Number of protein chains: 2
Amino acid sequence: MPQEPVTVWERPERGARGPAPERSRAQITAAAIELADAEGLAAVSMRQVAVKLATGPASLYRYLADRDELFDLMADAVAAEVDLTAPLTGDPVEDLLVLALQSKEVHLRHPWLLDIPTEPLRLGPNGLDYLERALRALAPAPLSEQSKLETIGLLNALVTQFARAELHAQRSPTERQKAQATYLIKAAAEGRHPLVAQALAGQTASNADSRPQSHFAPLVRRVLVGLTS
Amino acid sequence: MPQEPVTVWERPERGARGPAPERSRAQITAAAIELADAEGLAAVSMRQVAVKLATGPASLYRYLADRDELFDLMADAVAAEVDLTAPLTGDPVEDLLVLALQSKEVHLRHPWLLDIPTEPLRLGPNGLDYLERALRALAPAPLSEQSKLETIGLLNALVTQFARAELHAQRSPTERQKAQATYLIKAAAEGRHPLVAQALAGQTASNADSRPQSHFAPLVRRVLVGLTS
DNA sequence: TAATACTGCGATCAGCGTTCGCACTATTAG
DNA sequence: CTAATAGTGCGAACGCTGATCGCAGTATTA
């Protein structure tokens with residue numbers, strides 16, 4: 001027998017009998033995203049989401065199997081913020097770059113995305129559209145299927161990496177981060193890590209320009225050119 | 001006044017007064033790593049670690065400020081498994097590749113590393129040595145300090161990405177993963193994502209060769225050549 | 001009209017990270 | 001030698017978490 005449907009995406013939103021649900025997955029997702037945008041992913045507990053919807057925690061389990069599925073819904077919801085309608089140029093590098101830039105914007109808008117535990121194949125309908133688009137952009141490149149997927153994965157890794165760095169730069173540091181920074185400086189000044197000290201100096205010097213110039217686009221371009229040649 | 005020491009690395013392991021501690025950070029770290037290796041990072045709760053050390057949870061807080069510091073210790077402990085003593089060749093690409101390969105091995109040996117929440121500057125003494133080594137490898141390359149750090153960051157992103165993929169391939173899939181996979185297949189077969197379907201087919205075909213050949217080394221080389229030229 | 005399948009949700013469970021306060025002990029100061 | 005001090009071990013507890021169970025109420029089907 002073929003195992004009942006299991007992902008949120010396949011499981012029907014409501015049954016055919018009984019009273020109409022008073023809420024919807026979309027509403028719950030929206031409430032969760034609002035919470036996460038305002039107070040971080042840690043604030044997205046079943047209880048707090050329930051409070052926001054004026055119900056009890058147990059009720060949410062009529063809509064979701066568990067908290068992880070809520071993450072699925074949240075991630076896929078914001079994936080829809082990427083525009084996939086613009087025409088492709090035919091240049092894999094430029095077309096992928098457009099995608100990556102947008103994806104990075106989404107991450108900056110929803111920093112909690114970086115806190116969602118990485119699951120293999122966490123991909124909803126919108127994520128699927130995104131992937132299809134990336135593969136379309138990559139179609140002209142003479143790569144194996146596996147290499148294409150690896151390239152897209154690498155691109156996503158770059159997106160999250162730079163999103164993290166930019167968020168880190170623009171947010172005021174926590175106590176922990178200040179402590180870590182002073183430790184690093186002190187340790188580097190000890191003399192046994194001269195190159196780290198030098199890199200640190202260069203880093204703070206470039207910050208003194210107060211130009212948070214990100215090298216994202218040029219770096220992505222270089223990497224993609226190297227991979228799709 | 002200069003704020004009391006705050007990172008685990010600066011805070012002295014024991015005070016000058018009072019009885020000698022019955023345990024050490026190293027012991028606690030070892031117990032936590034054993035737990036994590038065997039049952040995953042989720043099993044590393046203060047209580048379970050305490051049980052493993054035949055003590056109470058509250059006692060651990062004489063050694064650590066919080067659970068996150070335990071992660072610091074764990075990550076830095078396994079960072080020591082990378083060999084940094086071999087002589088450098090002088091070729092940044094090859095020298096960094098050696099580092100990356102080792103780092104990936106560490107991740108395969110300790111999969112829970114991928115579950116530790118990414119914090120900016122989570123870097124202990126061993127992590128610092130690793131960073132210094134990477135900068136040494138990169139010294140011959142004509143790059144700005146910032147670009148060097150970005151390159152190393154990208155390298156680490158590649159390491160985690162491939163480690164994740166390889167672990168995913170070699171572990172038997174969870175219920176969730178099976179469900180996600182069947183959803184993906186079904187959705188791709190629907191016709192609106194032809195390229196995803198094609199990529200999926202190519203993926204399962206290459207798996208049929210049962211050769212889990214990783215493209216890690218060649219891909220890292222290509223990326224690094226592109227970035228350090 | 002009866003059976004059925006669904007909904008909302010209060011009560012509750014087990015587990016979590018962390019804090020408090022107390023008994024105890026080694027070191028230091030007088 | 002004694003008293004003050006700072007450190008240690010840890011039982012008990014607090015507030016929070018994700019999740020389950022069972023029951024009352026409701027819309028659909030037979």
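Below, read A as the first sequence line, B as the second, and so on, with proteins coming before strands; counting in each chain starts at 1. Predicted model only: the values in this text are computed from it and were never measured.
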Roughly how many Å is it from CZ in A/Arg14 to P in C/dT7, rounded to a whole number? 7 Å
Residues that B/Ala32 engages under side-chain contact (heavy atoms from CB on, under 4.5 Å), provided they are two or more places apart: B/Val44, B/Val49, B/Leu70, B/Met74
May I have the distance from B/Glu13 (atom CD) to D/dA6 (atom C1'), rounded to whole angstrom? 18 Å
Can you find a side chain N or O atom of B/Arg67 that sits less than 4.0 Å from OP1 or OP2 on C/dG17? yes
For B/Arg109, is the CZ atom crowded, meaning more than 12 foreign heavy atoms sit under 6.0 Å from it? yes
Apply side-chain hydrogen bond (donor to acceptor under 3.5 Å, both in side chains) to B/Glu69 and list each qualifying residue two or more places apart in sequence or on a separate chain. B/Arg11
Nearest whole Å is fine: how far is D/dG18 P from A/Leu70 CG? 10 Å
Side chains of B/Glu166 and B/His107 only: does a donor on one sit below 3.5 Å from an acceptor on the other? no
How do A/Gly15 and A/Arg23 order along DNA chain C: which one's closest nucleotide is nearer the 5' end? A/Gly15
Take the protein atom CD1 of A/Ile28 and the nucleotide atom P of C/dT7, then report the distance between them rounded to whole Å. 12 Å
Using a strict 4.0 Å threshold on nitrogen-to-oxygen distance, state whether B/Asp68 and B/Arg122 make a salt bridge. yes
Expected list for residues 43-66 of chain A near DNA chain C, using heavy atoms below 4.0 Å, is A/Thr55, A/Ala58, A/Ser59, A/Arg62, A/Tyr63
Taking atom P of D/dA6 as reference, at what distance in whole Å does atom CZ of B/Arg17 sit? 6 Å
I'd like to know whether CZ of B/Arg67 has more than 12 heavy-atom contacts from other residues, nucleotides or ligands below 6.0 angstrom. yes
So which one's nearest nucleotide on DNA chain C is more toward 5', A/Ala20 or B/Gly18? A/Ala20
